[in-house]
Amino acid sequence: MHKRKPNGDARKRLLEAARRAMKNAYAPYSKFKVGAALLTTTGKLFVGCNVENASYGMTNCAERAAIFSAVAQLGPKMEIRAIAVVNNHNAPCSPCGACRQVIYEFGPKAVVYFLGSSGPKELPVTDLLPEGFRLK
Ligand code: THU
């Protein structure tokens, strides 16, 4: 049986893994390093960091890097149970709109851990992205 909501230990583990991945970020333009870590419904952990480009629009966010790595490793049925995001400024930072849509695609019931404007937050992706787009 797969658990829906991770416990406090899982959250701590995710935040630590995100912080480690953040150190690998390539962010020479913004200097804003981001790390993400996700836990699948089968208990596997994947990490990502942001990778910027001189052609700014080619930048890839940490969250999508983690999700794409999980899909590459586990295949398209991979489901996200929880995803954490951290940054090197300890600044409030929730996943961008594009990442919310991608999280929703692979984890419609996922929980997102991030730093909100008044402290750490834990919200279902559907609170961050109401009425997320679905083809079917
Ligand atoms: N960024 C992420 O990686 N994830 C977020 O949730 C917000 C923004 C990155 C993109 C860019 O490299 C830098 O942060 C500044 O926008």
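The first residue in the sequence is number 1, and the count goes up from there. Note that ligands are numbered from 1 as they come in the structure, with each ligand's atoms numbered from 1 the same way. No hydrogens, no waters, no symmetry mates; every other heavy atom, side chains included, goes into these values.
Two residues are said to be in side-chain contact when any heavy atoms from C-beta on lie closer than 4.5 Å; I80 and L39 fail this criterion. Side-chain contact check for E63 versus C96: every heavy-atom pair is 4.5 Å or farther apart.
Here P92 pairs with nothing under the side-chain contact (heavy atoms from CB on, under 4.5 Å) rule; sequence neighbours left out.
Enclosure of atom CZ in R13 is not indicated, since only 12 or fewer non-hydrogen atoms of other residues, nucleotides or ligands lie within 6.0 angstrom.
Taking Ile, Leu, Val, Met, Phe, Trp and Tyr as hydrophobic and joining them when side-chain heavy atoms fall under 4.5 Å apart, one finds Y56 in a cluster with Y26, Y29, V51. Grouping Ile, Leu, Val, Met, Phe, Trp and Tyr residues whose side-chain heavy atoms lie under 4.5 Å apart, directly or via other members, places L135 in a hydrophobic cluster with F133.
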For ligand 1, which of its N or O atoms have a protein N or O partner closer than 3.5 Å, and how long is each gap?
{"from": "ligand 1", "atom 1": "3 (O)", "to": "A62", "atom 2": "N", "distance (Å)": "2.9"}
{"from": "ligand 1", "atom 1": "4 (N)", "to": "E63", "atom 2": "OE1", "distance (Å)": "2.9"}
{"from": "ligand 1", "atom 1": "6 (O)", "to": "E63", "atom 2": "OE1", "distance (Å)": "3.4"}
{"from": "ligand 1", "atom 1": "6 (O)", "to": "E63", "atom 2": "OE2", "distance (Å)": "2.5"}
{"from": "ligand 1", "atom 1": "12 (O)", "to": "N50", "atom 2": "ND2", "distance (Å)": "2.9"}
{"from": "ligand 1", "atom 1": "12 (O)", "to": "E52", "atom 2": "OE2", "distance (Å)": "2.5"}

